[in-house]
Amino acid sequence: MQPVVERSDVAEVFAIQKKAFLDDPNPDWATRADRLKRVRAMVRRYKLDFAEAIESDFGVRDARETLLAEVVPLFNEIRHLLLRGWFWMRPQRPGRSLVSPFGRNRLIQQPRGVVGNIAPWNYPLQLALLPAVDALAAGNRVMIKVSEAVPRFGELLARAVSEYFKPEEMAVFYGDVDQAKAFSRLPFDALIYTGGGGVGRQVMAAASQNLVPVLLELGGKCPAVIAPDARFESAVHSILCGKLLNAGQTCIAPDTIWVTERALDTFIRVARKQAARICPAPDSFTSVVNARHFVRLETIVNDARNKGARIEPLFAKAPDRHSRQMAPVLVINPPEDARILSEEIFGPPILVRTYESVGDVIEKLQKTDRDPLALYWFDTNARRINRVKQLLSAGGMTVNGTLVHAAQPQMPFGGVGESGMGAYHGRSGFEAMSHRMPVSELSRLDAMRLIEPPYGWLASTILKLLSR
């Protein structure tokens, strides 16, 4: 067994991994596949222990939710990488051009080197290891910083990784904010950060000191629009399933629900009925991760209430500060100065806003929610759905459902604008963790020699043809 990485060793482990990478800068597929299989074996062995540790950090979180939201996506990703990764690492043939018509061009997939991953607390297992397996498949070494908000899980993951990997392959850290800052200042060859926009800016600023390329996943106020022709009950059910998962502590959870004014009362009635079906035992609600976050959520709901918003609870259960369990409430049409309109909720409260026409809601989304991480549109009108795809921007979109676009390794997952930059999952993750080096091999019949100086009539003729 390898020793568990100590909290203060970030610079030392980085140096070890950098040296190991330079000694073996482009591992073969057998080596990469072995590392992926070791991650899978580790998670299979420790999955219930991981679920128990995560529940201990949260307070209440069903182990089945951890298996569904964290283990299953991770296994899907590894399965996809093992199936296709060997093909992605092969040199690509981009074709020839008139500059070198007899030469040979190739794009060589090279590992970047040492990849850092700063993972959040909301899905600590998935978001620590899923970017890591993309990096391992691309041939990199990996360092992971787990959020200090989930210390029991972080310690367990560090111990598990140390059993299956040498420090020069992959290492995990679970220290405090100071360690996270030191981690973000390391001269990685690529750095991944998932979390809030404020900290994301700090991470990017720290990485910029070493010109480290950064992949940011930042979340945002993800809208869900129920169009007039939507299958209403199905739409409400899907929205609540996406919102109630992990108590709304999901970067792509529906944040703002848009319904027509005339359908508002129907929405409230159907939402209560569907919520009772989805969660018949309110005592099983996943906890809000810590007291500070719980108080923040109470504060933004009370702020909206005090400013005149209509508050409609979906359950009779009151918030419990001891267990940090919070039943979802509908916060309907708060005034423009309410905090809930500008802050990402990231918890059980559900913001509901009304609109008059589809054109009206599209215009409002273009002005207020231009770059969410996810957009959900519920409709049966194909022409209108196509129009929405053209007019609205988001990191990803699911039509007539929630979360699905982000759960498939064949699809890239990433943000746009304020919700982040870059994408990973599957091939997108493999390429994000690789450098595609263009290589041109010239033949003896090198066309460039025809237009070398001193320039004569032949060079002039060729340049006229090429510059048409």
Side-chain angles (χ1 to χ4, degrees), residues 48 50-70 120-125 147-154 195-196 219 221 236-237 239-251 253-257 267-307 309-332 334 338-340 343-352 402:
L48 296 181
F50 286 142
E52 183 180 347
I54 291 170
E55 181 168 26
S56 179
D57 284 323
F58 271 70
V60 177
R61 195 197 200 197
D62 195 310
R64 291 165 294 187
E65 189 160 275
T66 297
L67 295 177
L68 171 66
E70 305 213 46
W121 52 260
N122 58 327
Y123 293 100
L125 177 62
S147 171
E148 65 279 2
V150 283
R152 294 175 182 85
F153 166 77
K221 296 185 73 63
V236 176
H237 179 82
I239 289 170
L240 290 178
C241 283
K243 181 66 173 181
L244 295 179
L245 181 69
N246 203 31
Q249 298 167 118
T250 305
C251 58
D255 180 289
T256 307
I257 318 305
F267 174 82
I268 296 170
R269 175 178 55 81
V270 172
R272 286 189 174 129
K273 181 178 75 171
Q274 295 291 356
R277 287 180 57 192
I278 296 167
C279 192
D283 289 340
S284 66
F285 285 144
T286 296
S287 298
V288 174
V289 70
N290 55 40
R292 180 179 60 82
H293 192 43
F294 187 93
V295 170
R296 185 189 72 85
L297 292 169
E298 280 193 319
T299 300
I300 64 173
V301 172
N302 289 333
D303 172 74
R305 178 188 286 112
N306 294 336
K307 290 176 178 176
R310 178 181 174 185
I311 308 296
E312 294 284 350
L314 296 185
F315 296 90
K317 180 179 173 65
D320 185 340
R321 289 200 173 194
H322 176 70
S323 65
R324 300 190 306 279
Q325 291 173 294
M326 179 179 288
V329 297
L330 305 179
V331 181
I332 302 170
R339 285 178 55 184
I340 198 169
E343 294 184 21
E344 182 181 4
I345 297 172
F346 215 72
I350 303 171
L351 174 59
V352 180
T402 58

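Basis for what follows: all heavy atoms, side chains included, without hydrogens, waters or symmetry-related copies.
- At distances below 3.5 Å, at least one donor-acceptor pair connects side-chain atoms of T299 with backbone N or O atoms of V295.
- Atom-to-atom distance recorded for M326:CE and F294:CZ is 4.0 Å, nearest 0.5 angstrom.
- Across every non-hydrogen atom of P348 and V288, the tightest pair is CD-CG2, 4.3 Å.
- Of all the heavy atoms in R305 and I311, the pair that sits closest is NH2-CG2, 3.7 Å.
- Although no hydrogens or angles enter the test, the distance criterion places no donor-acceptor pair under 3.5 Å between the side chain of D303 and the main chain of A338.
- N290 places no side-chain N or O within donor-acceptor distance of the main-chain N or O of A149, the cut-off being under 3.5 Å.
- Listed for the S287 side chain is a donor-acceptor partner under 3.5 Å among the backbone atoms of S323.
- The CD atom of E148 sits 11.5 Å away from the CG atom of D57 when rounded to the nearest 0.5 Å.
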Going through the distances and angles, do I332 and I268 end up as a side-chain contact (heavy atoms from CB on, under 4.5 Å)?
CA-CA 10 Å; I332 302 170; I268 296 170; 3.6 Å; yes

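- Listed by chain and number, the residues in a side-chain contact (heavy atoms from CB on, under 4.5 Å) with H237 are C241, Q274, I278 (sequence neighbours excluded).
- Of the residues listed (R324, R321, R339), the one engaging E298 in a salt bridge (charged side-chain N to carboxylate O under 4.0 Å, His left out) is R321, and it is the only one.
- Scanning all heavy atoms of the two residues, the minimum distance from Y123 to A69 falls at CE2-CB, 3.5 Å.
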So T66 and F50, side-chain contact (heavy atoms from CB on, under 4.5 Å) or not? Walk me through it.
CA-CA 8 Å; T66 297; F50 286 142; 5.5 Å; no

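- Using modelled atom types, no side-chain atom of D320 and backbone atom of Q325 make a donor-acceptor pair closer than 3.5 Å.
- Within the 3.5 Å criterion, the main-chain N or O of F346 finds a donor-acceptor partner in the side chain of H293.
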Going through the distances and angles, do F58 and Q249 end up as a side-chain contact (heavy atoms from CB on, under 4.5 Å)?
CA-CA 11 Å; F58 271 70; Q249 298 167 118; 3.7 Å; yes

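- From N302, atom CG reaches atom CG of L297 across 11.0 Å, with rounding to the nearest 0.5 Å.
- Residues that satisfy the salt bridge (charged side-chain N to carboxylate O under 4.0 Å, His left out) test with R64, not counting sequence neighbours, are D62.
- What you find for P328 and I350 is that their closest heavy atoms are CB-CD1, 4.2 Å.
- From K221, atom NZ reaches atom CD1 of I340 across 6.0 Å, with rounding to the nearest 0.5 Å.
- Of the possible polar contacts, none joining the E55 side chain to the A63 backbone as a donor-acceptor pair under 3.5 Å is found.
- A distance-only check finds a donor-acceptor pair linking the side chain of K243 to the backbone of G347 [under 3.5 Å].
- Considering all non-hydrogen atoms of both residues, A247 and T286 come closest at CB-O, 3.3 Å.
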Step by step, work out the side-chain contact (heavy atoms from CB on, under 4.5 Å) result for F267 and L330.
CA-CA 10 Å; F267 174 82; L330 305 179; 4.0 Å; yes

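- For R296 (side chain) and I345 (main-chain N/O), a donor-acceptor pair under 3.5 Å exists by modelled atom type.
- In this structure, CG on L240 lies 8.0 Å from CD1 on I257, to the nearest 0.5 angstrom.
- Judged by distance alone, the side chain of R61 and the main-chain N or O of N246 form no donor-acceptor pair under 3.5 Å.
- Separating the OG atom in S147 from the CZ atom in F153 is a distance of 10.5 Å, to the nearest 0.5 Å.
- The shortest heavy-atom contact between F315 and A275 is CZ-O, 3.4 Å.
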